Amino acid sequence: MKKTVFLIISLFLFTSLTQAQLLSERTNGLVTIGGELFTDFNTGASYDNFKMRDINQGFSAYSMFNFQINESPHFASIGVGFTSHNFYMKGTYVTEPYLNKITFLDVPFDYKRSKINVTYVDIPIEMSFRIKDKFKISAGFKFGILTTGKTKFVGELKNDGQMWRIKHCRMNNLEKYVYSVTLRMAYKSVYIFGAYQFGNTFKDGTGPQIKPLSIGIGVRPF
């Protein structure tokens, strides 16, 4: 299932790149469309029995409007997009996420998946500097507005061989707004990037301190 989802996302990104290249040609580079696959590393403090696994894959997509700076090859951009983070938990699952303070219970038996998913609508702003035509460095800021917060658990709870599927489609203690700095280093249409979120994903005192450092790869017209 994971391989299928990854393949679908990869095809989406490369299809978006192809369409974006055509759009870029028609608009003379004024519009850029891109997509990214990344993993999150938590830089926040420890919290009770909460611990994230090493790889926490997520994805994002965006469209940017570009403004050339005078007659230089450099430009400023502003746009809109979305980001989906998956925080996979090790040996615990979420109970009663609708309360003001989130709690986690240990999972002493076999389980397949235990995660928190948060999705944001993004407003990215960045400055891009073109180097020797094929290279580009972009530094900027991203403002995120929370749209959904969900949890999912698939596994045993009573050591009886029965697989439980528990989903919660709402969490009351997530911050509505998040802020991140971003950095991209591109060669033609492919780039590596990093994004660091300043604030906590959860409201202070209501849940774990999750401040993701996102590192990944993306594609967009050069």
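Small disclaimer: the values here were computed from a predicted structure and weren't measured. Residue indices begin at 1 and follow the sequence shown.
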Under 4.5 Å side-chain heavy-atom separation, chaining through any Ile, Leu, Val, Met, Phe, Trp or Tyr, what else clusters with Leu157? Say none if it is isolated.
Tyr93, Leu105, Val107, Tyr111, Phe153, Trp164, Ile166
For side-chain contact (heavy atoms from CB on, under 4.5 Å), just list the numbers for Thr83 and Lys142, CA-CA rounded to whole Å, side-chain angles, deciding distance to a tenth of an Å, and then say yes or no.
CA-CA 10 Å; Thr83 299; Lys142 183 169 66 172; 3.4 Å; yes
Taken to the nearest 0.5 Å, the spacing of Lys167 NZ from Lys152 NZ works out to 4.5 Å
Working to the nearest 0.5 Å, report the span between CZ of Phe75 and OG1 of Thr32.
6.0 Å
When you check the side-chain N and O atoms of Asn117 and Ser84, is any donor under 3.5 Å from an acceptor?
yes
Is there a donor-acceptor contact under 3.5 Å linking the side chains of Thr147 and Thr119?
no
Counting N and O atoms only, with roles assigned by atom type, does the side chain of Asn173 sit under 3.5 Å from a partner on the main chain of Lys203, one being a donor and the other an acceptor?
no
Joint hydrophobic cluster, Ile145 plus Phe141, side-chain heavy atoms closer than 4.5 Å
yes
Any non-hydrogen side-chain atom of Leu183 less than 4.5 Å from a side-chain atom of Tyr196?
no
Testing the 3.5 Å rule here: is there a donor-acceptor pair between the side chains of Glu36 and Ser60?
yes
Closer than 3.5 angstrom, by distance alone: can the side chain of Glu156 be matched with the main-chain N or O of Asp110 as a donor-acceptor pair?
no
Treating Ile, Leu, Val, Met, Phe, Trp and Tyr as nodes and any side-chain heavy-atom pair under 4.5 angstrom as an edge, say whether Tyr120 and Tyr62 lie in one connected cluster.
no
Do Asn49 and Thr92 have a side chain donor and acceptor closer than 3.5 Å?
no
Is there a path of hydrophobic side-chain contacts, each under 4.5 Å between heavy atoms, that joins Ile137 and Phe135?
yes
To the closest 0.5 Å, what do you measure between OG (Ser114) and CE (Met89)?
3.5 Å
Against the six-membered ring of Tyr191, is Arg220 placed for a cation-pi contact (under 6.0 Å from the centre, within 45° of the normal)?
yes
Are the side chain of Thr43 and the backbone of Lys211 linked by a donor-acceptor contact shorter than 3.5 Å?
yes
Working to the nearest 0.5 Å, report the span between CG of Asn172 and OH of Tyr98.
8.5 Å
Yes or no on side-chain contact (heavy atoms from CB on, under 4.5 Å) for Val178 and Phe198, after CA distance, side-chain angles and deciding distance?
CA-CA 7 Å; Val178 295; Phe198 286 111; over 6 Å; no
side-chain contact (heavy atoms from CB on, under 4.5 Å) assessment of Leu174 paired with Thr201:
CA-CA 6 Å; Leu174 294 167; Thr201 300; 3.9 Å; yes
Output field: ring centroids Phe82/Phe59 closer than 6.0 Å
yes
Using the test ring pair (Phe, Tyr, Trp, His ring centres under 6.0 Å), find all partners of Phe193 that sit at least two apart in sequence or belong to another chain.
none
I want to check something: taking the side chain as every heavy atom from C-beta on, are Glu126 and Arg184 in contact at a cut-off of under 4.5 Å?
yes
With Phe143, which residues qualify under ring pair (Phe, Tyr, Trp, His ring centres under 6.0 Å), at least two apart?
Tyr177, Tyr179
Kindly say whether Gly199 contributes a backbone atom to a donor-acceptor pair with the side chain of Gln197 at under 3.5 angstrom?
yes
Can you confirm whether Met171 sits close enough to Phe202 that some side-chain heavy atom of one is under 4.5 Å from a side-chain heavy atom of the other?
yes
Polar side-chain atom of Asp106 near backbone of Pro108 as donor-acceptor pair, under 3.5 Å
no
To the nearest 0.5 Å, how far apart are OG in Ser138 and CZ in Arg130?
9.0 Å
Asn42 side chain to Gly44 main-chain N or O, any donor-acceptor pair under 3.5 Å?
yes
Give the cluster check for Phe65 versus Phe129: same hydrophobic cluster or not, with ILVMFWY residues linked at side-chain heavy-atom distances below 4.5 Å.
no
Other than Leu99, what residues sit in its cluster of Ile, Leu, Val, Met, Phe, Trp and Tyr side chains whose heavy atoms are under 4.5 Å apart, directly or through others?
none
If every non-hydrogen atom of Ile102 is compared with every non-hydrogen atom of Pro208, which pair is closest and at what distance?
CG2-CD, 3.6 Å
Is any side-chain heavy atom of Val31 less than 4.5 Å from a side-chain heavy atom of Ser63?
yes
Quick check: are there more than 12 heavy atoms from other residues, nucleotides or ligands sitting under 6.0 Å from CE of Met127?
yes
Should Phe41 and Asp54 count as side-chain neighbours, where that means a heavy-atom distance under 4.5 Å?
no
Give me the atom names and distance for the closest heavy-atom approach of Thr148 to Leu146.
O-CD1, 3.4 Å
Tell me every residue that passes ring pair (Phe, Tyr, Trp, His ring centres under 6.0 Å) with Phe38, counting only those two or more places apart in sequence or in another chain.
His85
For Asn56 and Asn86, does a side-chain donor sit closer than 3.5 Å to a side-chain acceptor?
no
What are the two closest heavy atoms between Ser128 and Lys136, and how far apart are they?
CB-CD, 3.8 Å
Between Phe104 and Phe50, what is the ring plane arrangement, given parallel below 30°, perpendicular above 60°, and tilted in between?
tilted
Would you mind reporting whether Val80 and Asp122 have side-chain heavy atoms less than 4.5 Å apart?
no
Cluster check Ile116, Tyr47: I/L/V/M/F/W/Y, side chain < 4.5 angstrom
yes
If the condition is side-chain hydrogen bond (donor to acceptor under 3.5 Å, both in side chains), which residues does Ser77 pass it with, not counting sequence neighbours?
Asn66
Please round to the nearest 0.5 Å and tell me the distance separating atom NZ of Lys101 and atom OG1 of Thr206.
9.0 Å
Any side-chain heavy-atom pair from Leu213 and Asp40 closer than 4.5 angstrom?
no
Hey, are the side chains of Ile210 and Met52 touching, using non-hydrogen atoms and a 4.5 Å cut-off?
yes
Report the C-alpha separation of Ile217 and Val190 in whole Å, then their side-chain angles, then the decisive distance to 0.1 Å, and conclude whether the side-chain contact (heavy atoms from CB on, under 4.5 Å) test is met.
CA-CA 7 Å; Ile217 187 170; Val190 180; 3.9 Å; yes
